[in-house]
Amino acid sequence: MKKERIFSSNALRLSGRELIVTALIVFPVFFFLLPFVWGLCENISADKNFRLAYDYRDDYWIYRQWAEKAVKKYPFIFLGDSVIWGMYVDNNNTLPAQINRKLHRDEAANLAIDGLHSLALEGLLEYYSGSIKNKKVVLHYNPLWMNSRKYDLSGKEELRVNHPRLIPQFSPRLKCYTESFGNRMAIWRERNIPFFSLLNHVRVAFFDNEEFSRWIIDHPYANPFAALSMNFPAGEKEKTGSTIDWTQKGIPKQDWDWLMPDESLQWQAFTRNVEKLRQSGNELLVIVGPINPYLLSDKSLKRYRKLQKRICEWLQNENIKYYLAPDMPSNTYADASHPLASGYELIADGLLKTGFFK
């Protein structure tokens, strides 16, 4: 005689079919509907000359929210790394802010992120910037990422990569990127399932960029729900801009080798980014540089001029409007590529002469 199983009177038993139906209901609600509702409720206060706070440079959830808001409000979108973001200036002296001031109206949005090399921008455009369509886009290309195989990410030496969650996770060409398979799959999950992107946002924005379990240990008496807020101060707080140039910092001259375009992973990613932006109906103006020529050795400067020429020739052949940042006075550079406020003003004057902002 078959022995009958006895279950607790309080037990809830689901058949196989019921489990499947429950999963089909819970999975979309939890992983897709919740992030959608959160995005509708969360308010980003984008003030004049807004730029994403430096502390949230890895929060791609909030970047996507800002990008969607910016493309609706501004006709001109600036994309790039910390040169566009404005590493050594306050909010009112970044390049987009200079453009707004000279136009006497707010028309340019700063969608740059510190450390955003071309391979990372490729991931940002693919997974978090789909809203950038049919706009006038100012795309910055910083040749500094081609000064060596290390920064180009084409070297074999293990390296701490900027924005690792944006770069290709399974490319055999990125030998310097040695992340574990489990972490690579977690990045894939974050890119493709909105809930995990939201989870990272909550961790970065409200829990001091700590894992929740670690935060609970560090704050044993705190209410975690009290840390959450729908009014999120995502913008960079106002700070005083620097006036210290590269010579005052004592930066020595550099003897960089510079990779040519045909041997550079960053350059190849840049060309793909150009194509993707054009396919999305955007009109492009590419800014090349600036690079501080006074900081380079004679040999390095000569090789950089060759690279500079190759970049401009490619842009001309592709019928892409571009602006080659000129050699500015030495005291307008903060380091190898970042201008001070006076340098940004010179570049803004040159950009306005292109006619792109009419």
Side-chain angles (χ1 to χ4, degrees), residues 45-54 57 63 66-67 69-71 73-116 121 132 135-144 234-246 248 277 282-294 320-358:
S45 179
D47 300 326
K48 182 178 180 180
N49 293 325
F50 176 93
R51 54 176 171 167
L52 197 64
Y54 180 87
R57 65 196 288 270
Y63 181 90
W66 162 228
K69 192 167 188 173
V71 297
K73 184 177 180 180
Y74 300 94
F76 302 103
I77 302 297
F78 277 73
L79 291 173
D81 62 12
S82 56
V83 172
I84 300 298
W85 186 85
M87 179 57 69
Y88 295 101
V89 296
D90 58 31
N91 293 346
N92 294 321
N93 281 292
T94 66
L95 185 55
Q98 296 267 11
I99 293 292
N100 285 333
R101 181 162 57 251
K102 292 177 182 296
L103 289 175
H104 304 292
R105 56 188 184 272
D106 293 337
E107 294 203 351
N110 191 339
L111 267 71
I113 305 180
D114 175 65
L116 192 70
L121 176 58
I132 303 178
K135 306 297 294 186
K136 299 191 84 171
V137 175
V138 181
L139 176 63
H140 174 238
Y141 186 68
N142 191 348
L144 191 69
E236 177 68 12
K237 295 179 181 178
E238 196 58 62
K239 64 178 182 179
T240 303
S242 173
T243 58
I244 302 174
D245 67 39
W246 69 281
Q248 294 170 306
L277 286 166
N282 299 294
E283 182 182 348
L284 294 185
L285 171 64
V286 173
I287 302 175
V288 181
I291 294 293
N292 181 352
Y294 314 100
I320 298 170
K321 183 174 287 189
Y322 72 93
Y323 173 74
L324 177 62
D327 295 344
M328 301 180 293
S330 178
N331 62 1
T332 65
Y333 294 96
D335 55 21
S337 62
H338 295 97
L340 297 171
S342 56
Y344 282 119
E345 185 171 11
L346 290 173
I347 294 172
D349 288 336
L351 285 174
L352 291 175
K353 291 178 182 177
T354 65
F356 187 76
F357 295 92
K358 291 183 179 179

For this session: Flag this pair as yes if the NZ/CZ of K135 is under 6.0 angstrom from the six-membered ring centre of F76 and inside a 45 degree cone about the axis; otherwise no.
Result: no

Problem set entry | L346 side, atom CG; Q98 side, atom CD - distance, nearest 0.5 Å | 9.0 Å

For this session: Side-chain contact test, heavy atoms from C-beta onward, threshold under 4.5 Å: evaluate it for I287 versus L95 and give yes or no.
Result: yes

Exercise. If only atom types and distance count, is the side chain of N93 paired as donor or acceptor with the main-chain N or O of A341 below 3.5 Å?
Worked result: no

Exercise. So how far is it from S337 OG to I291 CD1, rounded to the nearest 0.5 Å?
Worked result: 5.5 Å

Exercise. Looking at N282 and L277, what are the two nearest heavy atoms and their distance?
Worked result: ND2-O, 2.9 Å

Exercise. When you look at F78 and I99, which way does the side-chain contact (heavy atoms from CB on, under 4.5 Å) test go after all the steps?
Worked result: CA-CA 11 Å; F78 277 73; I99 293 292; 4.0 Å; yes

Seminar exercise, completed: Scanning both residues in full, the closest heavy-atom pair of Y333 with P290 reads CE2-CB, 4.2 Å

Exercise. Quick one: are L340 and N331 in side-chain contact, heavy atoms under 4.5 Å?
Worked result: no

For this session: Search all heavy atoms of A109 against all heavy atoms of W66 and return the closest pair with its distance.
Result: CB-CZ2, 4.2 Å

For this session: Could you check if a side-chain atom of K102 sits within less than 4.5 angstrom of a side-chain atom of F357, using non-hydrogen atoms only?
Result: no

For this session: For the residue pair N100 and N49, confirm or rule out a side-chain donor-acceptor distance under 3.5 Å.
Result: yes

Exercise. Is Y88 close to T243 at the side-chain level, that is, under 4.5 Å between some pair of heavy atoms?
Worked result: no

Exercise. For I84 and L79, what are the C-alpha separation, side-chain angles and deciding distance, and is it a side-chain contact (heavy atoms from CB on, under 4.5 Å)?
Worked result: CA-CA 7 Å; I84 300 298; L79 291 173; over 6 Å; no

Problem set entry | T94 and V89, any side-chain heavy atoms less than 4.5 Å apart | yes

Exercise. To the nearest 0.5 Å, how far apart are CG in L352 and OG1 in T354?
Worked result: 7.0 Å

For this session: Take Y54 and D114 through the side-chain contact (heavy atoms from CB on, under 4.5 Å) test and state the conclusion after the steps.
Result: CA-CA 7 Å; Y54 180 87; D114 175 65; 3.4 Å; yes

Problem set entry | Audit row: D81, I113, side-chain contact (heavy atoms from CB on, under 4.5 Å) steps and yes/no | CA-CA 5 Å; D81 62 12; I113 305 180; over 6 Å; no

Exercise. G343 and M328: which non-hydrogen atoms are nearest, and at how many Å?
Worked result: O-SD, 3.4 Å

Problem set entry | W85 side chain to L111 backbone, donor-acceptor under 3.5 Å | no

Exercise. Are any of the side-chain heavy atoms of T332 and D245 separated by less than 4.5 Å?
Worked result: no

Problem set entry | Rounded distance (nearest 0.5 Å) linking atom CG of N142 with atom OG of S82 | 7.5 Å

For this session: For residues V286 and K321, determine if any side-chain heavy atom of one lies less than 4.5 Å from a side-chain heavy atom of the other.
Result: no

Problem set entry | Any side-chain heavy-atom pair of D106 and Y74 under 4.5 Å | yes

For this session: Could you tell me the separation between the CG atom of D90 and the OG atom of S242, rounded to the nearest 0.5 Å?
Result: 11.0 Å

Exercise. Given Y294 and W246, is the ring pair (Phe, Tyr, Trp, His ring centres under 6.0 Å) satisfied, shown in steps?
Worked result: CA-CA 10 Å; Y294 314 100; W246 69 281; 7.0 Å; no

Seminar exercise, completed: The reported gap from CG in D327 to CG in L324 (rounded to nearest 0.5 angstrom) is 8.0 Å

For this session: State which residue, out of R51, K48, K237, E236, fulfils the side chain to side chain donor-acceptor pair (under 3.5 Å) condition with N91.
Result: R51

Exercise. Which atom names give the shortest non-hydrogen contact between A108 and P96, and what distance separates them?
Worked result: CB-O, 3.9 Å

